[in-house]
Protein chains: 2
Amino acid sequence: MNIGDVSKRAGLPPKTIRYYEDIGLVTPLRDPNGYRSFRGSDMHKLAFLSRARALGFTIEDCRNLLALWDDKDRASADVRAIAKEHLTQIESKIADLQDIRKTLTHLVKECAGDDRPDCPILQTLENISKQ
Amino acid sequence: MNIGDVSKRAGLPPKTIRYYEDIGLVTPLRDPNGYRSFRGSDMHKLAFLSRARALGFTIEDCRNLLALWDDKDRASADVRAIAKEHLTQIESKIADLQDIRKTLTHLVKECAGDDRPDCPILQTLENISKQ
DNA sequence: CCTTGACCTTCCACCTGCTGGAACCTCTAT
DNA sequence: ATAGAGGTTCCAGCAGGTGGAAGGTCAAGG
C-alpha cells in the first residue's frame, strides 16, 4: 500500500506518517521507485498510533505501548501502568480546565459586552485577587 | 526594577519575561549597564500576562487583550468576544478530555494488571470499534 | 508519443511557548 | 581582590507536527 491509502485508512495525514517513520515508530518497505510500501503490520501499527494519539498518549507512551504490543510475553500490568498514569494526568488536566472555565464563565457573565469601556474581565485580569 | 524582582512579583521566570520582550509584549527601558529596567506599567503588564496565560489564553489573545487594555475607548464587547471564544474552546477541550477519561477508565478497569499477557487495553487500541 | 494531473519523494523552515546552557559582564559584600 | 549572585546575549532544543519548494513517477486521455 502507498502512503495515500494508508493515510486514508489510518486517518493520519501523509506528513504525519512520514514523521512517524522519521522517529522510528514505523519502518515501511520501499518499492523500486522509492515509494514507501506499507505492509499489513505497518498499517496496523499506524491505526494503533492514531487511536492512542487520539486518546492523548504522548509519542513516547505510544512507543512503549507498541513495544509491549509486539512483545507476546508482556505483563498486562506494564500496559496498565502506562494507561493509569496517563489517566491521572488527564484527570488533573480536566480539573485545571474546569477551574479555568469557572473563572471565565463568571467573567463573561459579568461583562456587559456593549459599547461602554467598563470591562470586569480586564479589571479582573488586572488584579485577579479582587474577584 | 530589575528582571529578578519583576520575576518574583509577576510569578514568571526571567527567561519568559525576556521572551515576552522579544515578541514585543513588554518593552522595558535599559539602565546604563544594559540591565532591563521595568517601570510600574511593565510590571503591571507582566502580572496581567501571568494571569491571562494561567487562564489559558494564547499569546495572541494576550496581545489583543493588552491592546484593548491600553485602549481607554475600547468596547467591552471586544474583550468579551475574546473571552467567550476562549471559553468555548475550553469547554470543547473539557468535553474531549472527559471522553478520553471515560474510555481510559473503562480500559484500566478491564485490565487485570497482572503477569499474564492478556491485555484489553492493547486489544482495544488495536481495534477501538470493537469496544 | 505527449501531456496533464495526481501521486510520490526529500529537505528545510516554521509553528507555540517557552527552557537550558554557554560565555560573558556587573554589582555587592567581605 | 575575590566570591557569588545577579544580569546580558545567543544558540539549540523540546513536542508533534505542518507548509512549501523542487523534483520524480504513474495512469489516463488526446
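Only a predicted model underlies this, so the values are computations on that prediction, with no experimental measurement involved. So that the names make sense, note that chain A is the first sequence line, chain B the second, and so on, each numbered from 1.
Heavy atoms from other residues, nucleotides or ligands lying under 6.0 Å from CZ of B/Arg9 number 12 at most.
Going from atom CD of A/Glu21 over to atom P of C/dT10 covers 7 Å, rounded to whole Å. Spacing between atom CD of A/Gln89 and atom C1' of D/dA15 amounts to 14 Å, rounded to whole angstrom units. Rounded to an integer number of Å, the gap from B/Asp61 CG to C/dG17 P is 9 Å. Between the CD1 atom of B/Ile17 and the P atom of D/dT9 there is a distance of 13 Å, given to the nearest Å. When rounded to the nearest whole Å, the span between CG of A/Leu12 and C1' of D/dG17 equals 11 Å. Protein atom CG of B/Asp31 is 12 Å distant from nucleotide atom P of D/dG7, rounded to whole Å. Between the CG atom of A/Leu49 and the P atom of D/dG16 there is a distance of 12 Å, given to the nearest Å. Atom CG in A/Asp22 sits about 12 Å away from atom P in C/dT9, given to the nearest Å.
Among the heavy atoms of the strands, none lies under 4.0 Å from B/Ile23.
Ion pairing of A/Lys102 with A/Asp99 is absent here, as no side-chain N (NZ or NE/NH1/NH2) approaches a carboxylate O to less than 4.0 Å. Using a 4.0 Å cut-off between charged side-chain N and carboxylate O, B/Glu91 and B/Lys84 make no salt bridge. A salt bridge links B/Asp70 with B/Lys45: the distance from a Lys NZ or Arg NE/NH1/NH2 to an Asp or Glu carboxylate oxygen falls below 4.0 Å.
Dashed line: the shortest gap from a side-chain N or O of A/Arg36 to OP1 or OP2 of C/dT10 is under 4.0 Å. Close to D/dT9, at under 4.0 Å from its OP1 or OP2, lies a side-chain N or O of B/Arg30.
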Heavy-atom contacts, protein to nucleotides 18-30 of chain C, under 4.0 Å, summarised as B (base), S (sugar-phosphate only) or - (none) per nt, yield BSBB----BS---

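Taking the side chain as every heavy atom from C-beta outward, A/Leu46 and A/Leu25 never approach each other to under 4.5 Å.
Partners of B/Arg18 by side chain to side chain contact (heavy atoms under 4.5 Å, CB included), not counting sequence neighbours, listed by chain and number: B/Ile3, B/Pro14, B/Lys15, B/Arg36.
Of all the heavy atoms in B/Leu97 and A/Ile90, the pair that sits closest is O-CG2, 3.7 Å.
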